[in-house]
> 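One structure coming up, written as structure tokens, with questions to follow.
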Number of protein chains: 2
Amino acid sequence: MAERAHRSPATPRPVVPLSEVEEGSPAQRERRRRILEATLALATKGGFDAVQMRAVAERAGVALGTLYRYFPSKVHLLVAGLAHELSRVLERIERAPVPGATAAERVLLVLHRNTVALQRDPHLTEAMTRAFMFADTSVAEEVRQVSRLTERMLTHAMGVEEASDEDKDIARVIGDVWLSNLVAWVTRRASAEDVENRLALTVRLLLSARDR
Amino acid sequence: MAERAHRSPATPRPVVPLSEVEEGSPAQRERRRRILEATLALATKGGFDAVQMRAVAERAGVALGTLYRYFPSKVHLLVAGLAHELSRVLERIERAPVPGATAAERVLLVLHRNTVALQRDPHLTEAMTRAFMFADTSVAEEVRQVSRLTERMLTHAMGVEEASDEDKDIARVIGDVWLSNLVAWVTRRASAEDVENRLALTVRLLLSARDR
DNA sequence: GCCGGAATTGCAACGTGTTCTAGTATTGGC
DNA sequence: GCCAATACTAGAACACGTTGCAATTCCGGC
């Protein structure tokens, strides 16, 4: 990745809070929005390799240095984009209870919908998945945010009132398996059907006990 | 990753079979061995970033071009190193049945031993995990090999005579969770204890039904 | 031993992520 | 409206993965 040794940044990162940002002047929020938009567009068109920092900056109409001020690396940028998208999805999902008689059914429905949506934009999925998996400790905060969002999505689907620790653990395991399968799909080691089957198996094994 | 568009290589990759190589002249096997050795040494010392192609080539005593002839990219190199190590581990494991009264116990034992071993060399683990997760389609074959080795290790631990499809599926799910947790540990999102706990939970949920 | 092809070497060059610098614009406080 | 601080811009420069190339060495068949 041609990283020079990270020094303590001369241009300190502005306080960009983790969730949807209301930080900064309107002009700054607008810049941030345009940067993420450019990122998504480039990722959708050509995947991870097409998200080139110079290209993102140009497309967003900001200087390269400014891009780095908002997002300290390409991986930060892509993972932030993932978190952004995910939080939009979650917002929609949480507005209503998930249909389905059992937790297993509901979780599978949510997984299925998301998987289908992701497979509709394979390049975008590839870009985000690879960034997420390549992230090192410096991106831990953004990665954690994505994990939390995923967990919330799955516990919501499970339909528990207040998620217990075990509920959360199970949600995390399902999330792990989901991600692994997404990676396998992205690298063409698994077909869409494989992914659905493996998710179904996992959910069945993990959740069948809780549904009578 | 500073990849130029991959063209069909002017220097074709020599036929390096997937498993332990007996291909090529003794000098070639020796070069390959030295390259992998250098890779492991550098990875152990400084992780993914320290495995620099020029450094690997120098340490192995080959020209940069030769290194690329043996391994067409840094990720190939690291994943091949992972497969190499894994196959050595598997060889040892398969020599004897795994002790333990139940499949769950045996699987946990194997996971535990490996996890402890991996955590002893955190940089090496980081390098290999990140390469594995970052691998794109061009590395699919090597990645698949690693998956197969992991699956074999886990089905062996499960102790089934001839692994059924469901056995393999379960082994794969456990492997997925294991990997996710390794990644979380590498990026310091999970402690060693977290990893053990989550593996225990997963194995319990997935395997408790099969042990009477 | 000798030949031709393949492998290896040493090194230059290129692309893209990242950093740095000097100058210009914006902004918030008064 | 003015000042200082902060943000932004353009562009150069650097690191490292990767590729290209000309010269040399090695190897298998004779």
Side-chain angles (χ1 to χ4, degrees), chain A residues 1-16 23-32 34-35 39 42 46-58 60-78 127 130-131 134-136 138-139, chain B residues 1-16 23-32 34-35 39 42 46-58 60-78 127 130-131 134-136 138-139:
Chain A
M1 188 122 257
E3 286 172 78
R4 201 177 299 181
H6 271 256
R7 21 137 234 198
S8 58
T11 51
R13 186 166 165 207
V15 189
V16 254
E23 204 74 13
S25 72
Q28 285 173 324
R29 270 181 290 162
E30 170 61 13
R31 266 187 216 103
R32 192 185 146 96
R34 271 185 288 127
I35 289 173
T39 303
L42 289 169
F48 188 88
D49 290 346
V51 180
Q52 301 189 354
M53 300 305 270
R54 289 169 180 85
V56 171
E58 185 177 5
V62 302
L64 189 55
T66 304
L67 173 53
Y68 273 96
R69 169 178 281 270
Y70 282 74
F71 300 96
S73 80
K74 173 168 173 172
V75 171
H76 281 84
L77 174 59
L78 279 165
R130 288 184 64 206
F134 192 60
D136 67 4
S138 73
V139 202
Chain B
M1 186 117 260
E3 287 172 78
R4 201 177 298 180
H6 271 255
R7 25 137 229 196
S8 58
T11 51
R13 185 166 165 209
V15 188
V16 254
E23 204 76 13
S25 71
Q28 284 172 326
R29 271 182 289 165
E30 170 61 12
R31 264 186 217 105
R32 193 186 146 96
R34 270 185 289 131
I35 290 173
T39 304
L42 289 169
F48 188 88
D49 289 347
V51 180
Q52 301 190 355
M53 299 306 267
R54 290 170 178 85
V56 172
E58 185 178 4
V62 301
L64 190 55
T66 304
L67 173 52
Y68 274 95
R69 168 178 280 269
Y70 281 76
F71 299 96
S73 80
K74 174 169 173 171
V75 172
H76 281 84
L77 175 59
L78 280 164
R130 288 184 64 206
F134 193 61
D136 69 2
S138 73
V139 202

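So that the names make sense, note that chain A is the first sequence line, chain B the second, and so on, each numbered from 1.
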> In terms of side-chain heavy atoms of B:A27, which of D:dT19, D:dC27, C:dT18 is nearest?
D:dC27

> Choose from C:dA7, C:dG17, D:dC8 the nucleotide whose nearest atom is closest to any side-chain atom of A:R54.
C:dG17

> What nucleotide among C:dA7, C:dG17, C:dC11 has an atom nearest to a side-chain atom of B:R69?
C:dA7

> The side chain of B:R31 is closest to which nucleotide in this list: C:dT16, D:dG17, C:dA7?
C:dA7

> Identify which nucleotide among D:dT19, C:dG10, C:dT18 has an atom closest to any side-chain atom of B:L64, counting heavy atoms from C-beta outward.
D:dT19

> Give the nucleotide from the list C:dT9, D:dT9, D:dC27 with an atom nearest to the side chain of A:V62.
D:dT9

> Establish, with yes or no, whether the OP1 or OP2 oxygen of C:dT9 is under 4.0 angstrom from a side-chain nitrogen or oxygen of B:T66.
yes

> Go through C:dG17, D:dC8, D:dC27 for me and flag the one nearest to the A:Y70 side chain.
D:dC8

> How do A:P26 and A:Q52 order along DNA chain C: which one's closest nucleotide is nearer the 5' end?
A:Q52

> Would you mind telling me which of D:dC8, C:dG17, D:dT18 lies closest to the side-chain atoms of A:Y68?
C:dG17

> For A:V56, which contact category applies under a 4.0 Å heavy-atom criterion: base, sugar-phosphate, or nothing?
nothing

> Taking CD from A:E58 and P from C:dG17, how many angstroms apart are they, rounded to a whole number?
13 Å

